[in-house]
Each structure stands twice: as C-alpha cells, then as structure tokens.
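Reviewing the structure listed below.
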Number of protein chains: 2
Amino acid sequence: MPEQLKKVFPSFSNELIQDIKANEVIKDFSAGEIIMRTGQYIKNTILVLKGAIKVYREDDDGGEFFMYYLQPGQACALSMVCATKNEKSQIMAKVVDDAEVVMVPLSLMDKWMMQHRSWYEFVVGTYRNRFEEVLEVIDSIAFRAMDERLEFYLKRQVEATGSKELKLSHQEIGSDLNTSREVISRLLKKMEQRGLVVLHRNQIEILM
Amino acid sequence: MPEQLKKVFPSFSNELIQDIKANEVIKDFSAGEIIMRTGQYIKNTILVLKGAIKVYREDDDGGEFFMYYLQPGQACALSMVCATKNEKSQIMAKVVDDAEVVMVPLSLMDKWMMQHRSWYEFVVGTYRNRFEEVLEVIDSIAFRAMDERLEFYLKRQVEATGSKELKLSHQEIGSDLNTSREVISRLLKKMEQRGLVVLHRNQIEILM
DNA sequence: TTCAAAAAGTGACAAAAGTTACAGTCCGCC
DNA sequence: GGCGGACTGTAACTTTTGTCACTTTTTGAA
C-alpha cells in the first residue's frame with residue numbers, strides 16, 4: 001500500500017508517506033456512489049488512489065452542474081482548506097469509476113503543512129490548479145454559447161478519461177451542463193455533420 | 001503606517017507586521033487604473049489597505065466578466081499561490097475607488113507561511129473564501145437566468161460598497177455580466193415595476 | 001421471445017436573450 | 001444658453017435555447 005501511495009503521489013517525501021500510512025483510512029467506493037454531499041460536514045481530506053470522481057455544484061431545485069474530475073494523484077481542494085472549523089461541503093462528489101481513496105483527518109492538515117514541505121507544495125499546487133480549472137469553467141459559461149460549451153465539455157472528458165470513446169448519454173451530458181437532452185442531441189447532430197464526432201448509442205467518438 | 005496595517009489586518013501578529021513593514025512597498029492607484037492584467041507575470045502578493053478593486057476574468061474578444069471585489073483587509077487569492085514559479089495572471093484587476101495597496105514580494109510567501117501562524121491562517125482563509133465566492137458566481141451563471149443574475153449582482157454590489165445607492169451605469173452592469181446594455185435596461189425597468197429598485201441616471205437605488 | 005425501460009431523433013412552438021435602430025434626457029463645458 | 005457626449009428607454013426583429021409531443025431504436029430482464 002505505501003508503494004501505491006508513493007507511485008500515485010510521487011512528489012510526497014518518505015516521511016510524509018510514513019505519516020500518511022500511520023493515519024490513513026483507505027476506502028473503496030463503487031461507481032454511482034456519492035462520496036460527499038452538499039451541506040455535509042467535512043471531516044477528511046480525500047486523496048484519490050484509483051478510479052474517477054466527478055465533482056458537481058448543486059442548486060436548490062436538484063440541478064447538478066459538473067465542475068471537474070478528481071483523478072488518481074489528485075485531492076479535493078475544498079476539503080483541504082476547511083481547516084478545523086466545522087465547514088460544510090459546498091460540492092457534491094460522485095464516483096464514476098470504482099475508486100479507492102485515502103481519507104486523512106482534517107486535524108492533521110495544519111501540522112503537515114508546517115512539517116512536510118512536499119505536503120505544503122502539494123496543497124498549494126492543488127489549490128492553484130483547481131482555482132484555474134474553475135476559472136476556465138467560468139469562461140465557458142460566461143462567454144460561450146451552448147455549442148462551444150459542449151465542445152469544451154467533450155474535450156475535458158477526453159482529457160480526463162484519456163479516451164476518445166466517451167461513454168456518455170445525451171441525458172447525462174445535458175444534466176452536467178444544466179440543459180436539456182434535446183438541446184444536446186441537436187448540437188451533437190450538428191457536430192456530427194461537421195465531422196467532429198461520430199454518434200453511437202451511449203457512446204460518442206471524438207474526432208477532434 | 002504599521003498602525004494602519006494592524007487596523008486593516010487585525011489578525012496579523014506583531015512579528016508579521018514587523019516583517020511586512022520591513023519588506024513592503026506601498027502603492028497608490030487611482031480609480032480607473034488597472035493593477036494587474038491578464039497574462040502579466042505576478043511578482044507580488046497584493047494586500048488592500050484602502051479603496052476598492054474589481055476583479056475580472058477576460059476572454060479573447062475583449063469581454064470582461066466581473067468576479068469579485070477586493071476590499072480593505074483582503075488580498076488577491078491567486079497571487080498568493082503563484083509561489084516562486086513564473087506564473088501569469090489569470091485575471092484582470094481594476095481600481096474603482098482610489099486604492100492603497102501593500103505589495104509583498106512572492107519570494108517571501110513560502111517563508112512566512114512557515115514562520116507566521118497568522119499569515120498561514122490568513123492565506124488559507126483567503127483561499128477558502130474566494131473559492132466559495134467563485135462557486136456562487138458559477139451558481140448564478142449555471143443555474144439562473146439573466147433576471148436573477150442581475151439581482152444577485154446588485155446584491156453583491158450593495159454588500160461590497162455598503163450602500164444601497166449604486167453608482168453604476170446600465171452599460172457597466174451589462175459588461176460586468178457580459179450582456180448588452182439594452183437587456184439590463186429592460187430587466188431593471190421590470191424590477192422597478194416590481195418595486196425592487198428605483199432608477200436614476202447613473203445610480204440605482206436598491207429597495208430589497 | 002416479448003416487453004418495458006432507456007436512449008436517441010425530430011418537428012413545432014414558446015420564451016429568453018441578443019441586435020439594430022432610433023429618440024429622448026441629462027450633464028458638464030464653452 | 002447652447003452643444004456634444006454619455007446615458008437611458010423602447011420597439012421590432014433574429015437567434016438561441018428550452019419545452020412539448022411523439023416516434024424509433026436498442027437493450028436487458030422476465
């Protein structure tokens with residue numbers, strides 16, 4: 001297990017790995033499970049060892065808006081700055097590929113920040129990367145119309161999954177982008193006509 | 001001057017204040033000036049002593065999308081995690097009320113994080129607050145139509161300026177929300193009819 | 001094999017937002 | 001007091017997006 005940690009988080013120092021090992025709880029989640037709900041109290045920082053997790057922002061009427069993926073080697077930025085306070089989660093995290101995650105008690109965060117240079121750098125880097133990713137999401141919704149937002153969304157899925165065969169239904173894309181299935185179907189058809197994608201049932205082949 | 005720092009940043013320890021004092025450069029900016037441009041290299045962390053600064057996200061075609069205010073006692077979150085790397089600014093910051101800011105060289109960031117508990121807590125808190133604010137901005141554009149986005153925008157202006165008399169033209173609101181002046185005029189008129197605002201030239205009186 | 005549910009295609013229409021065009025109003029300045 | 005520029009109001013129109021209704025296709029389970 002420490003070998004796996006070291007492999008997935010190569011920047012961590014050996015002492016840090018030891019410390020994590022001494023305090024870790026490893027949990028398995030299967031696809032479809034919800035790791036964290038909006039409003040729930042955050043007690044742990046989450047480090048992803050395996051699988052894929054989609055992070056959403058929710059509104060009051062049940063809408064879900066996709067923000068980013070958590071992949072192996074990454075961590076939930078928000079859970080890292082909740083400090084000791086009784087902070088509630090501002091996001092919802094859903095497992096899409098069977099996942100294995102390390103849960104680190106929040107109480108250790110501050111200590112490790114001071115003790116472990118590699119942890120400090122990881123946290124700061126995580127924060128910066130997430131912030132920048134969220135800014136790009138803002139760009140797409142603030143400046144772009146739905147057709148471009150869809151392209152942006154598909155490109156991110158390709159990046160995140162490392163595959164050009166996306167296993168997604170029009171319905172799922174629609175709810176990730178907070179629009180309707182019909183709109184997505186319409187736009188995908190146009191993209192197919194432009195030669196950017198090939199459509200199959202439950203699968204989209206990206207040619208871009 | 002150290003008194004002013006202590007007053008505006010009451011959580012800072014005396015040692016931290018001394019350290020800042022030893023390294024600070026204080027700069028004045030007048031309304032309309034741009035403190036930071038998109039793509040510019042970040043060399044300093046910015047602490048606001050006085051005035052008001054609006055932070056924008058820009059797109060390639062000259063569009064500007066308002067994200068949040070920087071007020072006295074606050075700092076630019078993004079400039080705090082740029083670390084030593086040659087990071088480029090992802091945002092644009094425009095002074096709207098004559099401002100006085102402390103510029104702290106980025107090179108000191110890491111050191112202070114380790115040395116000064118109160119700096120560490122300030123940075124982490126800044127990060128959390130900005131992230132949460134940005135998430136709310138995402139909510140407004142992802143889930144809400146323009147009429148509700150406008151209300152959200154006006155409420156934030158009231159909060160930020162501490163006044164219910166907003167000195168804003170329809171044009172400025174339109175470009176902050178990345179829409180046209182006409183749309184804003186239309187929606188404001190409707191809000192006036194609903195009794196939520198009173199419209200004047202270059203000024204909106206908020207009754208909510 | 002059949003049947004129900006999920007997925008996808010599509011036309012028709014409604015609503016929201018963006019665009020164009022122009023008129024009226026207020027303000028500071030000469 | 002008059003002039004030019006910035007600000008605001010508004011009608012008419014287009015485009016984009018959302019919604020409704022219905023069909024067809026595919027898949028998996030009984």
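The sequence lines fix the lettering, A, B, ..., with proteins before strands; numbering per chain opens at 1.
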Atom NZ of Lys189(A) to atom C1' of dG11(C): distance rounded to whole Å?
15 Å

Between C1' on dT25(C) and CD on Gln171(B), what's the gap in Å once rounded to a whole number?
17 Å

If you compare every side-chain N and O of His170(B) against the phosphate oxygens of dA6(D) (OP1, OP2), does one of them come in below 4.0 Å?
no

Holding to ring pair (Phe, Tyr, Trp, His ring centres under 6.0 Å), I want the full list of residues that pass it with Phe152(B), two or more places apart in sequence or in another chain.
none

Among Asp59(B), Val137(B), Asp176(B), which one satisfies side chain to side chain contact (heavy atoms under 4.5 Å, CB included) with Phe65(B)?
Val137(B)

Rounded to whole angstrom units, what separation is found between the CG atom of Asn178(B) and the P atom of dA17(C)?
13 Å

In whole Å, what is the span from the CD atom of Glu172(B) to the P atom of dT8(D)?
10 Å

Ranking dA21(D), dT10(D), dA8(C) by distance to the side chain of Ser169(A), first place goes to dA8(C)

Any His200(B) side-chain nitrogen or oxygen under 4.0 Å from OP1 or OP2 of dC7(D)
no

Given dT10(D), dT10(C), dA17(C), identify the nucleotide with an atom nearest to the side chain of Arg181(B).
dT10(D)

Phosphate OP1/OP2 of dG18(D): any Thr179(A) side-chain N/O under 4.0 Å
yes

Whether His116(B) and Trp112(B) hold their rings parallel, tilted or perpendicular, with breakpoints at 30° and 60°:
perpendicular

With side chains defined as the heavy atoms from C-beta onward, is the minimum distance between Phe66(B) and Leu177(B) less than 4.5 Å?
no

Out of the candidates Lys54(B), Met36(B), Glu58(B), only one should pair with Met92(B) under the side chain to side chain contact (heavy atoms under 4.5 Å, CB included) rule; please name it.
Glu58(B)

Could you state the atom-to-atom distance from CD of Glu148(A) to C1' of dT16(D) in whole Å?
13 Å

Sugar-phosphate, base or nothing in reach of Ser180(A), heavy atoms under 4.0 Å
base

Report the nucleotide, chosen from dA7(C), dG9(C), dT19(D), that has the shortest atom-to-atom distance to any side-chain atom of Val183(A).
dT19(D)

Would you mind telling me which of dA17(C), dG9(D), dA8(C) lies closest to the side-chain atoms of Ser185(B)?
dG9(D)

5' precedence on DNA chain C between Glu192(A) and Ala145(B) (nearest-nucleotide basis)
Glu192(A)

Using atom NZ of Lys167(B) as one end and atom P of dA6(D) as the other, report the distance to the nearest whole Å.
20 Å

Atom NZ of Lys190(B) to atom P of dG9(D): distance rounded to whole Å?
14 Å

Side chain of Arg201(A), base of dT26(D): donor and acceptor closer than 3.5 Å?
yes

Which nucleotide, dT8(D), dT20(C), dG18(D), lies nearest any side-chain atom of Arg186(A)?
dG18(D)

Measure from CG on Leu188(B) to C1' on dC7(D) and round the result to the nearest Å.
13 Å

